[in-house]
Amino acid sequence: MKKRTKLLAGLLSLTMACAALAGCGNSGKGTEEDTPAQEGAQENDASENQEQEDAADSQNGAEKITFWNMFGGGEGDFVDEIVKNFNDSQSDVEVESVRLESNEFYAKYGAALSSGKGPDVAVTHCDRLAPFVNGGQLAELDDLAVQEGFDFASVSDLSMEAVTFDGKVYSVPLDTHFHMCYYNKEILKEAGKLKEDGTPDFGDISPEGLLKFLQEIKEAAPDKKPFCINTPYFKEPFYNMYYEAGGELLNDDLSQAAVNNDKAKEVLEFFMEAYNTELADINDVNPWDTFANGDSAIWFGGVWEAGNYFTEENGDRFGAVALPAFFGSDTHWASSHGLTIPAYVDDAKKAAAMKFMAYFSTEGSKIWGKAGHVPASKAVMESEEYLSLPYRDEFVKAQKTVKFAPQINNYNAVDTVIAEQMQNIIFGHVSIEEGLADIESEINDLIQ
């Protein structure tokens, strides 16, 4: 590959890295894991803050702990509410929430874990755990959970699998976040593609069937875009459809890349056909806004975006269904937020942190579910209160077929390679075959 092409793809990937943290939140725009929080007022010097915390004694004698997170916007408001409610609910532990910029969070958390100085509890995505766990930098939580009376059986089995390493648990899962098929009922109705029950009439559930469905929308509503594809973060729609097709990123023993195959080629050919026939606009740099503004029929967006669409102002304009099995299965990409305790934390603060984590899972999740993420707590996920929120029954349905990232130390590097090369492929810098071969080569260089 030409170095200049690779550099341009890398710059695009870096520019978009914040929203690649989109499922964990800020404004709810973008996908997979958050757009960056607002700069300035919320910026914190974590080390200085921790020194101040260690020097201060709470007036009520409570054990004071610091909680690092990357949540801004509406999600940040929910977290603030959960922390306040916890602090008000008891007098043994006092939590101070420290919000870091999402695009800096893991660099700062990694530095804190390496130096042995930083937060007492922190949000961590499940696909970021492996290097911290394998480096001995996170506390095992099994005994702490027993000590605080928290039962991991109360958490979704899928979520627990993602945070368990060699039989030991290193994180309390808070949620599962993934993508839904959002749709504009007005456009589908105009195109004759809305069923009586208010769901899309996709016809044949296949790649060819979806292209036909989109073409019919284009003909019926020529002033609207049939399909918004997340071009700026194209790895996300690729992962969803590739996993539906039965694809894997790595082989069974996680020793080699497994992306260069006919399944990946078929998925990429589908998306290229959608671009080339103008069923989707490859130059749309804000597809989430295009859909939110009512200018597109279909959008594969994050559950964390629910608050943008299901509002009193929008009324019944938008709907959501689990991603249909266009490529043969219901399996699709997902990640998860959880709470971790650094290994350097002393026993008293570990116990205090575990008390907060248990509260967040059991009580805080009732609030956290309003952000769109599917709570990891089985009781909350199955509760009437949660299921009464718009389309949450579809969210729960979709949660049951998610696929998390492989548990390898350098998954973030693997993910970055795929993100960069996907940009090269869809913009025609390389052919599909060349791009997949490059992905295979670069991933193998990373993991072998």
Side-chain angles (χ1 to χ4, degrees), residues 24-25 44 46-47 49-54 56 58 62-71 75-76 78-100 102 104-106 108-126 128-129 132-133 135-150 152 155 159 162-163 168-175 336-365 367-368 373 375-377:
C24 34
N44 294 279
S47 297
N49 181 279
Q50 184 62 33
E51 289 176 1
Q52 293 172 352
E53 288 302 307
D54 290 343
S58 175
E63 188 71 50
K64 205 165 187 178
I65 61 173
T66 304
F67 167 43
W68 280 14
N69 68 86
M70 74 289 283
F71 298 115
E75 290 176 314
F78 287 130
V79 169
D80 290 344
E81 183 179 354
I82 292 167
V83 170
K84 181 182 184 302
N85 289 351
F86 173 73
N87 287 337
D88 291 346
S89 72
Q90 45 76 55
S91 58
D92 296 330
V93 180
E94 181 181 347
V95 175
E96 180 177 6
S97 181
V98 177
R99 188 173 301 158
L100 304 181
S102 59
E104 298 177 350
F105 184 85
Y106 283 106
K108 289 189 174 182
Y109 191 34
L113 292 172
S114 296
S115 66
K117 191 174 185 179
D120 303 303
V121 59
V123 172
T124 313
H125 289 82
C126 66
R128 294 282 192 149
L129 287 174
F132 299 149
V133 170
Q137 296 175 314
L138 296 179
E140 296 177 6
L141 302 182
D142 300 83
D143 291 343
L144 281 170
V146 172
Q147 178 182 318
E148 295 302 318
F150 181 71
F152 284 120
V155 177
S159 296
V163 301
K168 295 291 185 179
V169 178
Y170 291 88
S171 176
V172 173
L174 300 181
D175 60 50
S336 171
H337 299 110
L339 299 178
T340 56
I341 302 175
Y344 60 70
V345 175
D346 66 40
D347 289 344
K349 289 186 182 295
K350 281 180 180 175
M354 190 68 220
K355 187 179 185 73
F356 169 63
M357 293 156 73
Y359 177 91
F360 202 130
S361 176
T362 57
E363 295 298 323
S365 287
I367 295 172
W368 191 233
H373 310 295
S377 166

State, yes or no, whether a side-chain contact exists between [X] and [Y] at a heavy-atom distance under 4.5 Å.
| X | Y | answer |
| --- | --- | --- |
| Val345 | Lys349 | yes |
| Val121 | Met357 | yes |
| Asn85 | Ile367 | yes |
| His373 | Leu174 | no |
| Lys355 | Gln90 | yes |
| Met70 | His125 | yes |
| Asp120 | Ile341 | no |

Donor-acceptor under 3.5 Å ([X] side chain, [Y] main chain):
| X | Y | answer |
| --- | --- | --- |
| Ser365 | Thr362 | no |
| Ser377 | Val155 | no |
| Arg128 | Tyr106 | no |
| Asp142 | Lys168 | no |

Using the side-chain contact (heavy atoms from CB on, under 4.5 Å) rule, pick out the option among Tyr109, Tyr170, Phe132, Trp68 that qualifies with Thr340.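 The residue from Tyr109, Tyr170, Phe132, Trp68 that satisfies side-chain contact (heavy atoms from CB on, under 4.5 Å) with Thr340 turns out to be Tyr109.
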Out of Val169, Leu141, Val133, which residue meets the side-chain contact (heavy atoms from CB on, under 4.5 Å) rule with Val163? Val169
Nearest 0.5 Å, what's the [atom1]-[atom2] distance between [X] and [Y]?
| X | Y | atom1 | atom2 | value |
| --- | --- | --- | --- | --- |
| Ile82 | Trp368 | CD1 | CH2 | 6.5 Å |
| Phe152 | Ser171 | CZ | OG | 8.5 Å |
| Phe356 | Ser361 | CZ | OG | 11.5 Å |
| Thr124 | Leu129 | OG1 | CG | 6.0 Å |

Which heavy atom of Gln147 sits nearest to which heavy atom of Ala351, and what is that distance?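 That closest heavy-atom pairing would be NE2-CB, 3.4 Å.
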Candidates Asn87, Asp88, Asp80 - the one meeting side chain to side chain donor-acceptor pair (under 3.5 Å) with Lys84: Asp88
